[in-house]
Asker: 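Pasting in a structure now, in structure tokens, and then I'll have a few things to ask.
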Amino acid sequence: MRAREWGLLVGLSMLWGSAFFFTAIAIHELPTFLIVFLRVALAAALLWLALSMMGLRLPREAEAWRSFFVLGLLTNVLPFCLVAWGQLRVASFVASILNAAAPFATLLLGHFWTGEERLSAHKVLGLVVGTTGIVVLLSGGWHVGVSLADGLAYLACLGAAICYALAAVVGRIRRFGEPPIVRAAGQLVAASVLLLPAVVISDNPFGLRLPSWSVVGSVLALAVLSTALAYIVYFKLLRTAGATNLLLVTFLVPISAMFFGIVLLGDSIGARETCGLILVGVGLLAIDGRVFCFLVGK
């Protein structure tokens, strides 16, 4: 990759890593469904405006919208809600490390479900090492004196990663004809529609007190920076750098989230979290394969 692509890659990791920071601020005053609804609805409006400026439009075919609703559920609704709820009890950077389990789950689902992602020696090694790192992190949620809700919060963040993996497999099975930015806008619109009933029934948004300016700013940042702009950067990198190079962002997001958590939220990282991060990072590097090929001289 050229310097420009590396810059965009680091920028994307900051955009996605900051989502954990902004969510940690918003959840203190707003309920989970409302935070996620505002995030996806505002981002959908921004991407719809971008489509209009590019001369594109959302499709009208029922088949396309069925796919949008499935992807919106798996890519936006479920993982965003699970992470937001999990962050009530889990540090932001720990949630981001558990989210980095998505490539491990994608590899397993791709091997057994689609047959396109065949397991190899370095991928199996990556799965074993990465899974060990996740187990180390999860052990922090299941020890004496910790409530069941705390333990479930860890599993919620891990569940978000599984949702992303399912979405990746669905995306491989369903061959999309729409431009990527159209697909992103469509799934955000679908996610907004899916979330609206939950917001009205569960969160009673009209009965809430007005949030502080810091929370308003965090929700806007989630929508504008961590979702709408992140999608635009993501698809630009996908076109110029390719999917393999784009996988590198998975290594960088936990580091970005850790920076925001420690510097701005006062999170503290212990030996368990450090060990889990290192193991997950080594596992991801092994799955990526380039370091493995370099070591064996291929």
Side-chain angles (χ1 to χ4, degrees), residues 8 11-54 56 58 68-69 71-88 92 95-96 99 157 160 163-164 167 179-200 202-203 205-206 208-237 249 253 256-257 260-261 264-265:
L8 287 173
L12 181 59
S13 76
M14 297 292 284
L15 291 172
W16 278 342
S18 65
F20 298 91
F21 163 69
F22 294 128
T23 299
I25 295 176
I27 56 176
H28 290 298
E29 297 183 28
L30 296 177
T32 299
F33 288 132
L34 181 58
I35 293 172
V36 178
F37 172 76
L38 292 173
R39 176 180 181 178
V40 298
L42 292 172
L46 289 172
L47 286 185
W48 179 82
L49 180 61
L51 291 181
S52 300
M53 295 174 63
M54 296 168 64
L56 299 172
L58 292 173
F68 289 159
F69 273 95
L71 288 178
L73 179 68
L74 294 175
T75 306
N76 304 117
V77 176
L78 290 177
F80 289 178
C81 288
L82 287 169
V83 169
W85 182 82
Q87 280 192 245
L88 287 168
S92 57
S96 71
N99 257 220
C157 296
C163 289
Y164 289 131
I181 193 170
V182 173
R183 190 165 76 238
Q187 72 184 49
L188 285 172
V189 171
S192 304
V193 173
L194 290 171
L195 280 163
L196 185 57
V199 171
V200 174
S202 175
D203 290 349
F206 303 107
L208 297 173
R209 292 189 305 172
L210 290 176
S212 63
W213 284 111
S214 62
V215 170
V216 172
S218 295
V219 172
L220 288 174
L222 275 171
V224 177
L225 301 178
S226 301
T227 308
L229 181 59
Y231 266 126
I232 292 172
V233 174
Y234 173 86
F235 288 124
K236 183 175 182 61
L237 269 171
V249 77
V253 169
S256 299
F260 287 114
L264 301 178
L265 293 176

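We're numbering straight along the sequence, starting at 1.
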Asker: How close do Ile35 and Leu30 get, heavy atom to heavy atom, and via which atoms?
Answerer: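 Result for this residue pair: CD1-O, 3.5 Å.
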Asker: Output all residues satisfying side chain to side chain donor-acceptor pair (under 3.5 Å) with Ser226, sequence neighbours left out; order by chain, then residue number.
Answerer: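 Partners of Ser226 by the side chain to side chain donor-acceptor pair (under 3.5 Å) criterion, ordered by chain and then number, come out as Ser18.
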Asker: Just one of Arg183, Lys236, Gln187 clears the side-chain hydrogen bond (donor to acceptor under 3.5 Å, both in side chains) bar with Tyr231, so which one?
Answerer: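 The passing option is Gln187.
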Asker: Restricting to side chain to side chain contact (heavy atoms under 4.5 Å, CB included), what partner residues turn up for Ala160, sequence neighbours left out?
Answerer: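 Once residues adjacent in sequence are excluded, the partners of Ala160 under the side chain to side chain contact (heavy atoms under 4.5 Å, CB included) criterion are Pro79, Leu82, Val83, Asn99.
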Asker: Search all heavy atoms of Ile27 against all heavy atoms of Leu88 and return the closest pair with its distance.
Answerer: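 That would be CD1-N, 3.7 Å.
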Asker: Taking only residues two or more places apart in sequence, or in another chain, which ones meet Ala221 in a side chain to side chain contact (heavy atoms under 4.5 Å, CB included)?
Answerer: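 If we apply the side chain to side chain contact (heavy atoms under 4.5 Å, CB included) test to Ala221, skipping adjacent residues, the hits are Phe22, Leu225.
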Asker: Please report the closest heavy-atom contact between Pro205 and Val200, naming both atoms and the distance.
Answerer: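 Closest approach of Pro205 to Val200: CD-CA, 4.1 Å.
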Asker: To check you understand the geometry: which heavy-atom pair defines the closest contact between Ala185 and Leu51, and what is its length?
Answerer: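 Closest heavy-atom pair between Ala185 and Leu51: CB-CD1, 3.7 Å.
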Asker: Once rounded to the nearest 0.5 Å, what's the spacing between atom OG of Ser13 and atom CG of Leu8?
Answerer: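 Taking OG in Ser13 and CG in Leu8, the distance rounds to 11.0 Å.
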Asker: Looking at Asp203 and Leu34, would you say the former's side chain and the latter's main chain have a donor-acceptor pair under 3.5 Å?
Answerer: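 At least one qualifying donor-acceptor pair exists.
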Asker: Would you please test Cys81 and Leu195 for side-chain contact (heavy atoms from CB on, under 4.5 Å) and show each step?
Answerer: CA-CA 10 Å; Cys81 288; Leu195 280 163; 3.9 Å; yes
Asker: Are any of the side-chain heavy atoms of Leu42 and Leu46 separated by less than 4.5 Å?
Answerer: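 They are not in contact (no side-chain heavy atoms under 4.5 Å apart), so the answer is no.
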Asker: Please give me the minimum heavy-atom distance between Pro211 and Glu29, naming the atom from each residue.
Answerer: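 Scanning both residues completely, I find the closest heavy atoms to be CA-OE1, 3.3 Å.
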Asker: Quick one: CD1 on Ile232 to CD1 on Ile181, what's the gap to the nearest 0.5 Å?
Answerer: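 Taking CD1 in Ile232 and CD1 in Ile181, the distance rounds to 5.0 Å.
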Asker: Measure the spacing between CG of Leu222 and OG1 of Thr23 and express it to the nearest 0.5 Å.
Answerer: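 Answer rounded to 0.5 Å: 4.5 Å.
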Asker: I'd like to check the side chain to side chain donor-acceptor pair (under 3.5 Å) partners of Thr227; sequence neighbours left out, ordered by chain and number.
Answerer: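 If we apply the side chain to side chain donor-acceptor pair (under 3.5 Å) test to Thr227, skipping adjacent residues, the hits are Arg39.
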Asker: How long is the straight-line distance from CG of Leu196 back to CZ of Phe33, given to the nearest 0.5 Å?
Answerer: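 The CZ atom of Phe33 sits 12.5 Å away from the CG atom of Leu196.
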Asker: Would you please name every residue forming a ring-ring contact (aromatic ring centres under 6.0 Å, His included) with Trp85, sequence neighbours left out?
Answerer: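 ring-ring contact (aromatic ring centres under 6.0 Å, His included) check on Trp85 returns nothing, list empty.
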Asker: Using side-chain contact (heavy atoms from CB on, under 4.5 Å), reason through Val182 and Leu58 one step at a time and then give a plain yes or no.
Answerer: CA-CA 6 Å; Val182 173; Leu58 292 173; 4.2 Å; yes
Asker: To the nearest 0.5 Å, tell me how far Thr75 OG1 sits from Tyr164 OH.
Answerer: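 Taking OG1 in Thr75 and OH in Tyr164, the distance rounds to 7.5 Å.
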Asker: With rounding to the nearest 0.5 angstrom, report the OG1 to CZ distance, Thr32 to Phe37.
Answerer: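 Those atoms lie 15.0 Å apart.
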Asker: With sequence neighbours left out, what residues match Tyr234 under ring-ring contact (aromatic ring centres under 6.0 Å, His included)?
Answerer: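 So Tyr234 forms a ring-ring contact (aromatic ring centres under 6.0 Å, His included) with Trp16.
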Asker: Are Val189 and Trp48 close enough that some pair of their side-chain heavy atoms sits under 4.5 Å apart?
Answerer: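 A side-chain contact is absent here, since even the closest heavy-atom pair is not under 4.5 Å.
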Asker: Please find the pair of heavy atoms, one from Val219 and one from Ala26, that lie closest to each other, and give the distance.
Answerer: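 Scanning both residues completely, I find the closest heavy atoms to be CG2-CB, 4.2 Å.
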Asker: Taking Gln87 for its side chain and Phe20 for its backbone only, find out whether a donor-acceptor pair lies under 3.5 Å.
Answerer: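 Present.
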